[in-house]
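Report on one structure; see the data block that follows.
Small disclaimer: the values here were computed from a predicted structure and weren't measured. As the structure lists them, so they are numbered: ligands from 1, and atoms in each ligand from 1. If you read the sequence from its start, that first residue is 1, and numbering goes on from there.
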Amino acid sequence: KISACIFDLDGVVVDTAKYHYIAWKSIANELGFDFTEEDNERLKGVSRMTSLDILLSIGGVELDQETKLALADKKNKNYLEYILRMTPDEILPGVKEFITVLRSNGVKIALGSASKNAMTILNQLELTDYFDVVVDGTHVSNAKPDPEVFLKGAELLKVAPSECVVFEDAEAGVEAAINGKMKCVGIGSPDVLGKANIVVPGFVGFSMSQLNF
Ligand code: G6P
Ligand code: MG
């Protein structure tokens with residue numbers, strides 16, 4: 001029985017990775033090294049401060065905590081400039097329609113994101129009303145692959161983890177779902193998301209009947 005679906009945000013509902021990339025690249029360039037799109041893959045699903053640590057390790061740069069906090073803040077201000085220009089056109093194809101079908105079938109909907117900007121993004125996309133609960137980076141202390149963000153969602157919805165399906169585009173997110181004893185649909189490539197129950201390229205043509213695993 002499936003009572004709830006929990007959606008990751010970045011990479012599942014909207015492609016924010018391109019904006020994270022621009023903002024992190026500018027920090028890297030400022031520190032004197034390059035940051036490629038391939039490097040950016042490593043930041044998917046990873047918290048802001050961990051993203052910075054990965055970035056700094058790529059550049060071979062070591063900084064004190066105060067400088068790191070200032071850089072993370074600078075990156076976020078730059079990122080927000082892009083986010084605040086987003087419109088509902090940027091919702092990934094099929095996801096809004098799929099959530100509508102789930103809701104009309106009585107399935108509860110949660111957001112489970114590492115992002116501290118999740119509410120801003122949902123507002124920009126005019127999607128806030130599609131979610132019964134939102135759990136984001138401002139509510140959790142343990143990052144994916146820790147299942148905290150998804151377990152909190154299930155708890156708020158009063159649904160058992162075994163009755164939840166998580167939708168994730170990042171390996172750490174798939175692992176978080178498994179660690180929370182939840183089912184998982186990978187959105188992206190089977191090479192990266194192979195541990196999910198099923199992996200699909202996106203929501204176009206995806207139907208509720210495919211959740212029977
Ligand atoms: C998502 C993205 C990550 C990002 C993290 C924190 O998980 O996939 O790339 O680092 O959220 O986002 P924030 O908006 O709080 O910087
Ligand atoms: Mg993601």
Show your working on side-chain contact (heavy atoms from CB on, under 4.5 Å) between K44 and D8 and close with a plain yes or no. CA-CA 11 Å; K44 289 191 176 169; D8 172 49; over 6 Å; no
Under 4.0 Å from ligand 1, counting heavy atoms only, is it the side chain of S51, its backbone, both or neither? side chain
[X]-[Y] side chain donor-acceptor pair, cut-off 3.5 Å:
X    : Y    : value
H20  : K75  : yes
T128 : N123 : yes
D64  : T67  : yes

Quick test: of every protein heavy atom, which one is nearest to [atom], and how far off is it to 0.1 Å?
atom                    : value
atom 9 (O) of ligand 1  : L43 O, 2.8 Å
atom 2 (C) of ligand 1  : D10 OD2, 3.6 Å
atom 7 (O) of ligand 1  : G45 CA, 3.3 Å
atom 10 (O) of ligand 1 : V46 O, 2.5 Å
atom 16 (O) of ligand 1 : R48 NE, 2.8 Å

Taking distance alone, with N or O pairs closer than 3.5 Å, would you say [X] contacts ligand 1?
X    : value
K116 : yes
S113 : no
N76  : no
Y79  : no

Membership question, hydrophobic clusters at under 4.5 Å side-chain separation (ILVMFWY): are V199 and V165 in the same one? no
Could you check N29 against D34 for side-chain contact (heavy atoms from CB on, under 4.5 Å), going step by step and ending with a plain yes or no? CA-CA 6 Å; N29 293 350; D34 196 24; 3.8 Å; yes
Is atom NZ of K181 surrounded by more than 12 heavy atoms (other residues, nucleotides or ligands) closer than 6.0 Å?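 Count not over threshold, so no.
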Criterion side-chain contact (heavy atoms from CB on, under 4.5 Å) on E41 and V192, from CA distance to verdict: CA-CA 11 Å; E41 288 300 308; V192 188; over 6 Å; no
Charged N to carboxylate O below 4.0 Å: is that the case for E81 and K77?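 Answer for the salt bridge query: no.
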Aromatic ring proximity Y130/F7, centre distance under 6.0 Å: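 Judged by ring-centre distance (under 6.0 Å), Y130 and F7 do not meet the cut-off.
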Which pairs count as salt bridge (charged side-chain N to carboxylate O under 4.0 Å, His left out) when at least one residue sits in residues 102-131, sequence neighbours excluded? R103-D132
Mind checking how many protein N/O/S atoms fall short of 2.8 Å from the Mg ion (ligand 2)?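 Count of protein N, O, S atoms less than 2.8 Å from the Mg ion (ligand 2): 3.
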